[in-house]
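The next block holds one structure in the form of structure tokens; read it before the comments.
Remember, it's a predicted structure, so these values are computed and weren't measured experimentally.
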Amino acid sequence: MADADGLTLAEPLVARTPLPAFTTASVDGWVLRGDGPWRVAGRVLAGQRAPELAVDGTAMEIATGAMVPVGATTILRLEHGELRDDVVSGTPKAEPEWRVPGEECAQGDELLPAGTPITPGVVGLAASCGYDTLLARRAPRAALLVFGDELLDAGLPGDGRVRDALGPSLPAALRRLGAHIDGFTRVPDTLEAHVDGLRRAADAGNDLICTTGGTMHGPVDYLHGALRELGAEYAVNTVAVRPGFPMLIAQLPGGQFVAGLPGNPQSALVALVSLVVPLLAGLTGRPFPTPAQAVLAEGIPGRGDFTHLALVRQDHPGGPAHPVSHVGSAMLRGLAQSAGFAVVPPGETGHRGDQVELVELP
């Protein structure tokens, strides 16, 4: 089950036993039968099968989590009792201090539906109700191809070269969305290299191939030509959103999906949350992602006929959404401090106090 962390449940998690499976003590003390004082007739610890408490006026020392003996009427907390020789006295609480079978769930209850992301909490819950293995959907395999001869992998930018920000960062985002990805591949700015890079990524068994750059029709934008040569069919070809509109999803003849993200970092993240997040939800079997809600702390301008995805920060989860500065398509300073994108629909303007959809960053 430890290997299932980060995957997705392929079937509902159903309780194989009541939880708890037997009556268990919730405190340390003495389990009692009848009226006191009580003669202590033994001890029951966690992990032991408790003998019956058959005689009124008797008690057993009991540990938290231990099985409560049949015949017990209540538990006296350790701090509320006084033991002299083998006789204990004290006043137990009115309500029994134990957990009864089925208090958390009954056998057969559906605890989590199929499509639930598997977290350490899910693994722990499954183990507690008797699972030894979990049936999970495998993580989609993803590849990242980074286009752009102007990009540097190390050192300071200059002399026409800029540092690549997407190759190091997008694999982490894809992993957080449930994909398996090892890193990225640099692809030269030629049509032949683009075709070869896409073909190699598809032949390697990837379900999703993300690319950065080349989504427009400039002098070295070869992605569309490579997709044509490979016989791909577009599912989405540009989106009426600012920033990031030249994004795409295409499918190769072998079934692999290609997500074309713009080369500018903020635009690439807009494309990621707009197209790749729902695509990976489908590939992993998770529910279609729905935006959160937030209240604008300041106004946000509209972008005419385009949807405006505006970077905002939240000082605490669920708090007001504050627009950030340094939000040019090529900038990362605003992105690094943001919770996500506030959605301003086409033809509208966001005003202070408006409740808007918030598309959260991975």
Nearest-0.5 Å distance that lies between atom [atom1] in [X] and atom [atom2] in [Y]:
X: Asp132; Y: Arg16; atom1: CG; atom2: CZ; result: 7.0 Å
X: Gln256; Y: Arg141; atom1: CD; atom2: CZ; result: 12.5 Å
X: Leu227; Y: His224; atom1: CG; atom2: NE2; result: 7.5 Å
X: Leu7; Y: Arg138; atom1: CG; atom2: CZ; result: 10.5 Å
X: Trp30; Y: Thr74; atom1: CH2; atom2: OG1; result: 13.0 Å
X: Glu11; Y: Leu134; atom1: CD; atom2: CG; result: 8.0 Å

[X] atom [atom1], neighbour heavy-atom count above 12 within 6.0 Å:
X: Asp305; atom1: CG; result: no
X: Asp86; atom1: CG; result: yes
X: Arg228; atom1: CZ; result: no
X: Asp203; atom1: CG; result: yes
X: Arg43; atom1: CZ; result: no
X: Glu233; atom1: CD; result: no
X: Arg313; atom1: CZ; result: yes

Kindly list each side-chain donor-acceptor pair under 3.5 angstrom involving residues 97-119, sequence neighbours excluded, with atom names and distances?
from   : atom 1 : to     : atom 2 : distance (Å)
Glu97  : OE1    : Arg77  : NE     : 2.9
Glu97  : OE1    : Arg77  : NH2    : 2.9
Glu97  : OE2    : Arg77  : NE     : 2.8
Glu103 : OE1    : Val100 : N      : 3.3
Asp109 : OD2    : Ala106 : N      : 2.9
Thr116 : OG1    : Pro113 : O      : 2.7
Thr119 : OG1    : Gly121 : N      : 3.4
Thr119 : OG1    : Val122 : N      : 3.3

Are [X] and [Y] grouped together when hydrophobic residues (ILVMFWY) are joined by side-chain heavy atoms under 4.5 angstrom apart?
X: Ile181; Y: Phe184; answer: yes
X: Val273; Y: Leu332; answer: yes
X: Leu272; Y: Leu311; answer: yes
X: Leu280; Y: Leu248; answer: no
X: Val40; Y: Val31; answer: no

Between Gln48 and Met67, is a side-chain contact (heavy atoms from CB on, under 4.5 Å) present by the stated rule, with each step listed?
CA-CA 7 Å; Gln48 297 177 343; Met67 181 179 182; over 6 Å; no

How far apart are the closest heavy atoms of [X] and [Y], and which atoms are they?
X: Ala66; Y: Ala46; value: CB-N, 3.6 Å
X: Leu144; Y: Pro171; value: CD2-CD, 3.7 Å
X: Gly178; Y: Ala139; value: O-CB, 3.5 Å
X: Pro278; Y: Phe288; value: CB-CE1, 3.4 Å
X: Pro37; Y: Val87; value: CB-CG1, 3.7 Å
X: Ile300; Y: Ala310; value: CG2-CB, 3.7 Å

So, do [X] and [Y] sit near enough that their side-chain heavy atoms are less than 4.5 Å apart?
X: Leu283; Y: Phe257; value: yes
X: Val236; Y: Ser274; value: no
X: Tyr131; Y: Cys129; value: yes
X: Leu208; Y: Val276; value: yes
X: Glu229; Y: Leu191; value: yes
X: Thr238; Y: Thr215; value: no
X: Val258; Y: Leu230; value: no
X: Met247; Y: Val241; value: yes

Using the side-chain contact (heavy atoms from CB on, under 4.5 Å) rule, take Asp196 and Arg200 through it: C-alpha gap first, then chi angles, then the decisive distance, then the call.
CA-CA 6 Å; Asp196 182 65; Arg200 286 175 180 269; 2.8 Å; yes

I'd like to know if the side chain of [X] reaches the main chain of [Y], judged simply by a donor and an acceptor atom lying under 3.5 Å from each other, with no hydrogens or angles considered.
X: Thr58; Y: Arg39; answer: no
X: His308; Y: Pro301; answer: yes
X: Asn206; Y: Ala201; answer: yes
X: Ser325; Y: Gly334; answer: no
X: Arg33; Y: Leu53; answer: yes
X: Asp164; Y: Leu166; answer: yes
X: Arg161; Y: Leu151; answer: yes
X: Gln266; Y: Val327; answer: yes

Step-by-step side-chain contact (heavy atoms from CB on, under 4.5 Å) determination, Leu223 to Leu198
CA-CA 9 Å; Leu223 178 58; Leu198 288 167; 4.2 Å; yes

Indicate whether any N or O donor in one side chain lies under 3.5 Å from an N or O acceptor in the other, for Arg286 and Thr8.
yes

Going by atom type alone, with no hydrogens or angles, which donor-acceptor pairs under 3.5 Å involve a side-chain atom of residues 341-362 and a protein atom two or more places apart or on another chain?
from   : atom 1 : to     : atom 2 : distance (Å)
His351 : ND1    : Thr349 : O      : 3.4
Asp354 : OD2    : His351 : N      : 2.8
Gln355 : NE2    : Gln293 : OE1    : 3.3

Could you tell me how the ring of Phe245 sits relative to the ring of Phe306: parallel (under 30°), tilted (30 to 60°) or perpendicular (over 60°)?
perpendicular

Output, in order, the C-alpha distance, side-chain angles, deciding distance and verdict of side-chain contact (heavy atoms from CB on, under 4.5 Å) for Leu261 and Leu170.
CA-CA 11 Å; Leu261 314 183; Leu170 281 178; 3.8 Å; yes

